[in-house]
J.: 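Can you keep this structure in mind? I'll have questions shortly.
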Amino acid sequence: MFAGTNAGNSYNNVVANEVLTKNPTIDVTANSVDCYVFASIDAANNNITIQDISKEWKKLETVGTTTYYVYAKDGTNPTLVEKSDKDQTLTALFTKVKVGDVTEDADLSADDIVIKASAVQAEKVDGVLSYSTDVQKAGLALLK
């Protein structure tokens with residue numbers, strides 16, 4: 001259902017308290033079934049703060065250092081991503097990260113922010129595709 005990993009951004013000479021541009025997106029590949037898309041962000045490093053989380057990703061819950069989202073174009077209701085003959089790139093999860101006030105030896109490796117995505121086929125209830133607690137549970141389980 002998902003296209004491959006997109007290339008990340010590169011940074012040189014990052015300084016303390018700098019805000020860096022990020023744009024982690026999720027691609028639903030062409031001809032995927034109608035689905036709901038879920039994402040998780042694990043930001044375990046206290047020296048990096050995620051900023052500007054998109055309003056199109058509705059927060060579902062936070063467990064430990066991981067926060068779980070569902071794609072919700074209106075910011076409230078989970079959005080059905082309908083089958084298309086073209087790849088569909090969803091809105092970036094967030095657009096910025098801020099590096100904390102760190103020393104030279106601080107480890108700010110790429111593994112400090114882990115983003116995962118899952119998609120769950122929409123469920124038919126009385127012949128209509130819909131979002132349900134079962135769909136949500138399945139989407140979150142795939143991320144854990």
Side-chain angles (χ1 to χ4, degrees), residues 1-11 14 16-103 105-144:
M1 252 189 209
F2 296 112
T5 303
N6 295 328
N9 301 348
S10 296
Y11 307 100
V14 175
N17 298 311
E18 185 172 359
V19 176
L20 307 172
T21 299
K22 299 292 282 179
N23 58 341
T25 57
I26 296 167
D27 297 328
V28 180
T29 56
N31 300 310
S32 293
V33 296
D34 296 339
C35 62
Y36 291 96
V37 179
F38 299 85
S40 65
I41 303 171
D42 185 349
N45 188 321
N46 293 328
N47 292 319
I48 297 176
T49 306
I50 294 172
Q51 297 181 333
D52 293 341
I53 293 177
S54 170
K55 291 179 180 11
E56 292 186 21
W57 288 92
K58 178 182 176 184
K59 180 179 174 180
L60 297 174
E61 66 183 14
T62 299
V63 178
T65 59
T66 305
T67 303
Y68 298 91
Y69 300 87
V70 64
Y71 181 63
K73 198 161 181 84
D74 68 1
T76 304
N77 301 300
T79 299
L80 177 67
V81 178
E82 295 178 347
K83 183 177 181 174
S84 171
D85 60 354
K86 296 181 179 169
D87 288 351
Q88 299 177 73
T89 300
L90 305 183
T91 304
L93 285 164
F94 55 90
T95 58
K96 296 177 185 170
V97 294
K98 181 178 181 182
V99 177
D101 190 9
V102 296
T103 64
D105 353 342
D107 180 14
L108 298 175
S109 66
D111 293 335
D112 292 331
I113 299 174
V114 177
I115 298 167
K116 295 180 183 177
S118 69
V120 176
Q121 183 175 348
E123 190 174 67
K124 278 197 175 185
V125 177
D126 297 326
V128 177
L129 292 173
S130 67
Y131 182 84
S132 69
T133 55
D134 288 339
V135 168
Q136 181 173 311
K137 283 180 190 175
L140 295 179
L142 289 167
L143 297 172
K144 295 180 180 182

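The chain is numbered in sequence order, starting from 1.
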J.: Report the C-alpha distance between V28 and V37 in whole Å, list the side-chain angles of each, state the deciding distance to 0.1 Å, and finish with yes or no for side-chain contact (heavy atoms from CB on, under 4.5 Å).
T.: CA-CA 9 Å; V28 180; V37 179; 3.9 Å; yes
J.: Could you list the residues that satisfy ring-ring contact (aromatic ring centres under 6.0 Å, His included) with Y131, not counting sequence neighbours?
T.: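 So Y131 forms a ring-ring contact (aromatic ring centres under 6.0 Å, His included) with Y36.
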J.: With no hydrogens and no angle check, is any side-chain donor or acceptor of D42 less than 3.5 Å from a backbone partner on V114?
T.: no
J.: Could you grab the distance from atom CD of E56 to atom OG1 of T76, nearest 0.5 Å is fine?
T.: 11.5 Å
J.: Would you please test I41 and Y68 for side-chain contact (heavy atoms from CB on, under 4.5 Å) and show each step?
T.: CA-CA 7 Å; I41 303 171; Y68 298 91; over 6 Å; no
J.: Salt bridge or not between D52 and K96? Use side-chain N to carboxylate O under 4.0 Å.
T.: yes
J.: Checking F38 against K116 for the side-chain contact (heavy atoms from CB on, under 4.5 Å) test, could you report, in this order, the C-alpha distance in whole Å, the side-chain angles of both residues, the deciding distance, and whether it holds?
T.: CA-CA 8 Å; F38 299 85; K116 295 180 183 177; over 6 Å; no
J.: Minimum heavy-atom separation for D85 and N31, please, with both atom names.
T.: CA-OD1, 3.8 Å
J.: Does the pair K144/E61 count as a salt bridge with the N-to-O cut at 4.0 Å?
T.: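 Yes, this pair counts.
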J.: Looking at every heavy atom in both L142 and A119, which two are closest together, and how far apart are they?
T.: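 Reported closest heavy-atom pair: CD1-O, 4.0 Å.
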J.: Applying side chain to side chain donor-acceptor pair (under 3.5 Å) to S40 and T66, what does each step give before you reach the verdict?
T.: CA-CA 6 Å; S40 65; T66 305; over 6 Å; no
J.: Rounded to the nearest 0.5 Å, how far does OG1 of T25 lie from CD1 of I115?
T.: 9.0 Å
J.: Considering non-hydrogen atoms only, spot the tightest contact between K58 and A72 and give its length.
T.: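 Looking at all heavy atoms of both residues, the closest pair is CB-CB, 3.9 Å.
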J.: Output all residues satisfying ring-ring contact (aromatic ring centres under 6.0 Å, His included) with Y71, sequence neighbours left out; order by chain, then residue number.
T.: W57
J.: Within the distance-only criterion (no hydrogens, no angle test), does the side chain of N23 pair as donor or acceptor with the backbone N or O of A92 below 3.5 angstrom?
T.: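 Here the side-chain-to-backbone pair does not exist.
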J.: To the nearest 0.5 Å, tell me how far T67 OG1 sits from F94 CZ.
T.: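 Nearest 0.5 Å value for the OG1-CZ distance: 11.0 Å.
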J.: Do I113 and I48 have side chains that get closer than 4.5 Å, going by heavy atoms?
T.: yes
J.: How far apart are the closest heavy atoms of D74 and T79, and which atoms are they?
T.: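 Taking D74 first and T79 second, the nearest heavy atoms are N-OG1, 4.4 Å.
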J.: Which is it for Q136 and L60 under the side-chain contact (heavy atoms from CB on, under 4.5 Å) test, yes or no, and what are the steps along the way?
T.: CA-CA 9 Å; Q136 181 173 311; L60 297 174; 3.8 Å; yes
J.: Please find the pair of heavy atoms, one from L80 and one from A122, that lie closest to each other, and give the distance.
T.: CD1-CB, 3.4 Å
J.: Identify the heavy atoms of I50 and A43 that sit nearest to each other, and give their distance.
T.: CD1-CB, 3.8 Å
J.: Is any side-chain heavy atom of Q51 closer than 4.5 Å to a side-chain heavy atom of V97?
T.: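 Side-chain contact under 4.5 Å: no.
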J.: Measure the CD-SG distance between E82 and C35 for me, rounded to the nearest 0.5 Å.
T.: 10.0 Å
J.: Any side-chain heavy-atom pair from K98 and N17 closer than 4.5 angstrom?
T.: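 Touching, per the 4.5 Å side-chain cut-off.
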J.: Going by distance alone, is a donor N or O of one side chain under 3.5 Å from an acceptor N or O of the other, for D27 and T89?
T.: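 Yes - a donor-acceptor pair under 3.5 Å links their side chains.
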